[in-house]
Undergrad: 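Below is one structure. I have some questions about it.
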Amino acid sequence: MEMFYKSTRGDEKQVTASQAILKGLALDGGLFVPEKMPKLDISFNQLKELDYKETAYQVMKLFFTDYSEEELKTCINNAYDYKFDTKEIAPLVKKGEKYYLELFHGSTIAFKDMALSILPYLMVTAAKKNNLKNKIVILTATSGDTGKAALAGFANVPDTSIIVFYPKDGVSSIQEMQMVTQKGDNTNVVAIHGNFDDAQTNVKKLFEDSQLQEELSQVGLQFSSANSINIGRLVPQIVYYVYAYGQMLKQGEIIEGESINVVVPTGNFGNILAAYYAKHLGIPIKKLICASNENKVLYDFFQTGCYNKNRTFTVTNSPSMDILISSNLERLIYSLCEENETANKVLMNQLKEQGSYCITKEMQEKLQDFYGNFATQEETLHTIQSIFKDDNYVIDTHTAVATCVYGKYREETRDTTKTIIVSTASPYKFASSVLEALEGKATLRTEFEQIEELEKISKVPVPKAVEELKDALVLHNRVCDKEDMKYIVKKILGL
């Protein structure tokens, strides 16, 4: 059955999957969603025998119906190859009673590789399918991980260029080094004086700027996005939840049809939304546990039904989650209001104009699938320390937030359902904070001295992606005020 996409705000006409991927964001500022949620068409008995690539095809064929089998399998095979350092692509590791889904074995050692390894292939194929004459300009804001993964994915891809904005002093040292040393004639990296929300808000404004769109069109350019607002980024994230359930079956940890819980460290809401979509595909997920850090805007939303970004922005030791405007929540809101574009648009306008909105009691009652909680920075460090002590397993700060929140959930509910904790980054990406947790104090050492010490303690080899940074040259040094992002984009593009 052909799958079409519509905007959460209702003004965009029906589009195919490839058209939605090329656009990234709908012209009305909304996000593309499937007109109807599909269902997996294989049995759990079949699922458990599939490897990651085979699982990816079974999921993506349901959403990307205007891609041929050959096109889709070519994209998948090119994406999930030697750039991952484990055969499984996404290993499921049992530690005590916890199951960690390790999503950091790609070339940039963070979970964004799972989707951004395939997005360039999907996009280039989409351009050919739609006879696109324009060159694609990927415009992206990052809280740390998307930036590098997108840059690596699109570097030197023909007929594309990429511009990434990140908050100066709002990412880890390793995250920044990964971005500013990125090679590729078509790559551009810009630090802004501001936080991630500032970067994301202004990127969205550029997408909605009709005059700028016209200027781009006149010189044969058009914007698209590598953020999870792009359905081509979101759908590949559904895959690893489906795959993880199959692995739980294969390893004999659960029986067919048995429910599991999923814990996701959450900032922009894309990763946990993918789990929500996996549940609607037919994966028996009982509870979606949304783990926040001290920027607990999502925790407060699940507690009260009110989303309010009007609060102090805190820079934490889990910087990829330092977000106050969770863009992908709009897709959930749209679902909660029974796909009423007008009702959704009213709420999104309230967020834009007042910085807050409250959903109805009826919508709030539909949030029973979710549980929200948060971890402080101190709790995050303590969790890293205790997991290493108890299980001889080193986790990064974001995974620690998820682990801590899972502990709170267990204590609060006494729910013993088997639970997968999504491990989103290598501990080496946040070596300073991880070492502080393991040693009980912060130490004044260079970044690479900290990495060497972490290797001694953890007995886990330093990933190739980190080793390569030692001798890498800084190739990008642009910095601008958040108000000047449009000017910078036009300057980079020669407008």
Undergrad: State, to 0.1 Å, how close Y240 and Q237 come at their nearest heavy-atom pair, and which atoms those are.
TA: OH-NE2, 3.1 Å
Undergrad: By the ring pair (Phe, Tyr, Trp, His ring centres under 6.0 Å) test, which pairs, at least two apart or in different chains, include something from residues 99-118?
TA: Y100-Y393
Undergrad: Kindly state each residue pair satisfying salt bridge (Lys or Arg N to Asp or Glu O under 4.0 Å) with at least one member in residues 306-330, sequence neighbours excluded.
TA: R9-E330, D300-R311
Undergrad: So does K345 pair up with D11, basic N to acidic O under 4.0 Å?
TA: yes
Undergrad: Run through Y371, Y299, F302 and flag the one making a ring-ring contact (aromatic ring centres under 6.0 Å, His included) with Y409.
TA: Y371
Undergrad: Scan for ring pair (Phe, Tyr, Trp, His ring centres under 6.0 Å) pairs involving residues 275-297, sequence neighbours excluded, and state none if there are none.
TA: Y276-H280, Y276-F370
Undergrad: Provide the full list of side-chain hydrogen bond (donor to acceptor under 3.5 Å, both in side chains) pairs with a residue in residues 119-129, sequence neighbours left out, each pair given once.
TA: E71-K129
Undergrad: Return a table of donor-acceptor pairs under 3.5 angstrom between the side chains of residues 221-228 and protein atoms on other chains or two or more places apart.
TA:
| unit_1 | atom_1 | unit_2 | atom_2 | d |
| --- | --- | --- | --- | --- |
| Q222 | OE1 | N134 | ND2 | 3.3 |
| S224 | OG | I21 | O | 3.1 |
| S224 | OG | L22 | O | 2.8 |
| S225 | OG | N227 | N | 3.0 |
| N227 | OD1 | A141 | N | 3.3 |
| N227 | ND2 | A141 | O | 2.8 |
| S228 | OG | N328 | ND2 | 2.7 |

Undergrad: With sequence neighbours left out, which residue pairs that include part of residues 193-204 fulfil the salt bridge (Lys or Arg N to Asp or Glu O under 4.0 Å) condition?
TA: D198-K482
Undergrad: CD of E338: more than 12 outside heavy atoms within 6.0 angstrom?
TA: no
Undergrad: Test: disulfide (SG to SG under 2.5 Å). Region: residues 275-323. Which pairs qualify, not counting sequence neighbours?
TA: C306-C358
Undergrad: Excluding sequence neighbours, so at least two apart, what forms side-chain contact (heavy atoms from CB on, under 4.5 Å) with T417?
TA: N261, K286, D415
Undergrad: Do T342 and N344 pass the side chain to side chain contact (heavy atoms under 4.5 Å, CB included) test, and can you show the C-alpha distance, the side-chain angles, and the key distance before you say yes or no?
TA: CA-CA 5 Å; T342 303; N344 177 68; over 6 Å; no
Undergrad: Verify, without hydrogens or angle tests, whether K366 (side chain) and L336 (backbone) share a donor-acceptor contact under 3.5 angstrom.
TA: yes
Undergrad: Have D66 and T16 got a donor and an acceptor in their side chains that come within less than 3.5 Å?
TA: yes
Undergrad: Can you pull the disulfide (SG to SG under 2.5 Å) pairs that have at least one residue in residues 105-134, sequence neighbours excluded?
TA: none
Undergrad: Do the charged groups of K148 and E176 touch, with an N to O distance under 4.0 Å?
TA: no
Undergrad: Got a donor-acceptor contact below 3.5 angstrom from the T383 side chain to the E379 backbone?
TA: yes
Undergrad: Quick one: pull up CD in Q303 and CG in N373 and give me the separation to the nearest 0.5 Å.
TA: 7.0 Å
Undergrad: May I have all residue pairs that pass salt bridge (Lys or Arg N to Asp or Glu O under 4.0 Å) and include part of residues 131-140, sequence neighbours excluded?
TA: none
Undergrad: Using side chain to side chain contact (heavy atoms under 4.5 Å, CB included) as the criterion, point out the one residue from I174, V434, V171 that pairs with K429.
TA: I174
Undergrad: Here's one to test your reading of the geometry: is the NZ or CZ of K408 within 45 degrees of the ring axis of F374 and under 6.0 Å from its centre?
TA: yes
Undergrad: Please test E294 against E378 for side chain to side chain contact (heavy atoms under 4.5 Å, CB included), starting from the C-alpha separation and ending with a verdict.
TA: CA-CA 10 Å; E294 288 175 17; E378 292 73 20; 4.0 Å; yes
Undergrad: Please determine whether side chain to side chain contact (heavy atoms under 4.5 Å, CB included) holds for the pair L281 and I238, giving the CA-CA distance in whole Å, both sets of side-chain angles, and the decisive distance to 0.1 Å.
TA: CA-CA 9 Å; L281 276 184; I238 301 170; 3.7 Å; yes
Undergrad: Holding to side-chain contact (heavy atoms from CB on, under 4.5 Å), I want the full list of residues that pass it with E339, two or more places apart in sequence or in another chain.
TA: K6, Y334
Undergrad: Under 6.0 Å from the NZ atom of K352, do we count more than 12 heavy atoms belonging to anything else shown?
TA: no
Undergrad: Under a 3.5 Å cutoff, is there a donor and acceptor pairing between the side chains of S423 and T399?
TA: yes
Undergrad: Sequence neighbours left out, what passes side-chain contact (heavy atoms from CB on, under 4.5 Å) with R410? Give chain and number order.
TA: E97, Y406, T416
Undergrad: How many angstroms lie between atom CD of E362 and atom CD of E365, to the nearest 0.5 angstrom?
TA: 6.0 Å
